[in-house]
Structures are given as structure tokens and as C-alpha cells.
Engineer: 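Please see the structure below; I have some questions.
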Amino acid sequence: MNVFTERVIRILQGIPAGHVMTYGQVAAAAGSPRGARQVVRILHSMSEKYQLPWHRVINIKGEISLTDGNQQELLEMEGVHFKNGKVDLTVYRWFPPDAEEG
DNA sequence: CGTCTGACGTGGT
DNA sequence: TACCACGCCAGAC
């Protein structure tokens, strides 16, 4: 397990219901500003194992790339409202504290 | 080792 | 604002 991976997991677990983060934002917060793709990989691999809130991670445009699941539905029932298929990141984006302890 | 891929992000038009 | 091309990085074959 890499430090980056552990940090990503911690950060994801720190996203409260009703908020979202972007892939790049999570990566940057974990120490790899260009690691958005790695965050994707982690979600693919670890989301079930570590029970990560994968549905609270979206792209920087506020859109959901998945059409395969009910990500939008999950967010909406947490209180994240969609406008024209997009989330207003200026409202719902979550900024993790500097240190996610755990 | 080389090539292709992907739940992304940024800059130019 | 919408669309295209490129860069990025690790994993799979």
C-alpha cells in the first residue's frame, strides 16, 4: 500500500454526505496534483474493500462520467442537487482539513 | 520492454 | 460556452 493510496482513502472517507470532491482535488490533497487517474484506479480497486464513498467523487466539470450506476441518484438522496446534469461545485465541493487523522 | 487504456485536467480555438 | 488535442501516470497484456 502506497502512502498516496492511504491518503486518498483517508480523504475519501472524510467526505461528508451532501458534499463532493473532484478526482484531481483528491489527488492533489493526497500529494499528487497530476494523480487524478490514480484516484480513479483506487476507486476501481478499493471502493468496495474499504467502503469508499466513490459516488462523492466527480470530475472538475461537476459531471458524472458513469452511466452505469446510480451515482447521481445516490448524491441526490444525500442532498446534492443537480442542475442540468451537473453539480454546482461552488456549493457542494468539499475541502478536506489539512490532516485527516485516523 | 513497448503499446494501449482510462470513473481526469488544462489550454487553445 | 462547447469542442478538440494533448499531457499525465500507473496498470494490463
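Numbers restart at 1 for each chain; the letters A, B, ... are given by sequence-line order, proteins then strands. Every heavy atom of this structure was used, including side-chain atoms; hydrogens, water molecules and symmetry mates were not. For clarity, every value in this text was computed on a predicted model and none was experimentally measured.
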Engineer: So, using side-chain hydrogen bond (donor to acceptor under 3.5 Å, both in side chains) as the criterion, who are the partners of A:D88 when residues are at least two apart?
Structural biologist: A:T90

Engineer: Quick one: what's the B/S/- string for nucleotides 6-13 of chain C, heavy-atom cutoff under 4.0 Å, read 5' to 3'?
Structural biologist: --BBSS--

Engineer: In whole Å, what is the span from the CD atom of A:E63 to the P atom of B:dC8?
Structural biologist: 11 Å

Engineer: Taking side-chain hydrogen bond (donor to acceptor under 3.5 Å, both in side chains) as the cut-off, I'd like each qualifying pair that reaches into residues 35-58 of chain A, sequence neighbours left out, listed once.
Structural biologist: A:H55-A:E78, A:R56-A:E78

Engineer: In whole angstroms, how far is the P atom of B:dC8 from the CH2 atom of A:W54?
Structural biologist: 13 Å

Engineer: Would you mind telling me which of B:dT10, C:dA2, B:dA7 lies closest to the side-chain atoms of A:K86?
Structural biologist: C:dA2

Engineer: Heavy atoms under 4.0 Å, any strand shown: does A:I60 hit a base, just sugar-phosphate, or nothing?
Structural biologist: sugar-phosphate

Engineer: Which pair of non-hydrogen atoms, one from A:I60 and one from A:L89, has the smallest distance, and what is that distance?
Structural biologist: O-CD1, 3.0 Å

Engineer: Flag the pair A:V26 / A:I42 as yes when at least one side-chain heavy-atom distance between them is below 4.5 Å, and no otherwise.
Structural biologist: no

Engineer: Measuring only between side-chain heavy atoms, which start at C-beta, is A:H81 closer than 4.5 Å to A:Y92?
Structural biologist: yes

Engineer: How long is the line joining CG of A:N59 and P of C:dA2, in whole Å?
Structural biologist: 14 Å

Engineer: If every non-hydrogen atom of A:G35 is compared with every non-hydrogen atom of A:A27, which pair is closest and at what distance?
Structural biologist: C-CB, 3.4 Å

Engineer: Is a donor on one side and an acceptor on the other found under 3.5 Å between the side chain of A:N59 and the backbone of A:K61?
Structural biologist: yes

Engineer: Counting only heavy atoms and a strict 4.0 angstrom limit, can you tell me which residues of residues 17-27 of chain A come near DNA chain B?
Structural biologist: A:T22, A:Y23, A:G24

Engineer: Tell me the closest heavy-atom pair linking A:A30 and A:R7, and the distance in Å.
Structural biologist: O-CD, 3.3 Å

Engineer: Mind calculating the distance between CG (A:L75) and P (B:dA7) to the nearest angstrom?
Structural biologist: 17 Å

Engineer: Among all residues two or more places apart in sequence or in another chain, which pass the side-chain contact (heavy atoms from CB on, under 4.5 Å) test with A:Q72?
Structural biologist: A:I64, A:E76, A:F82

Engineer: Given side chains that start at C-beta, do those of A:L43 and A:L12 come closer than 4.5 Å, heavy atoms only?
Structural biologist: yes

Engineer: Spell out, yes or no, whether A:I15 and A:I9 are grouped together once hydrophobic residues are joined by side-chain heavy atoms under 4.5 Å, including indirect joins.
Structural biologist: yes

Engineer: Can you run through DNA chain B from 5' to 3' and write each base as (, ), [, ], | or . depending on how it pairs? Watson-Crick or G-U wobble, both distances under 3.5 Å.
Structural biologist: .|||||.||||||

Engineer: For A:I42 and B:dG6, what is the distance between atoms CD1 and P respectively, to the nearest whole Å?
Structural biologist: 19 Å

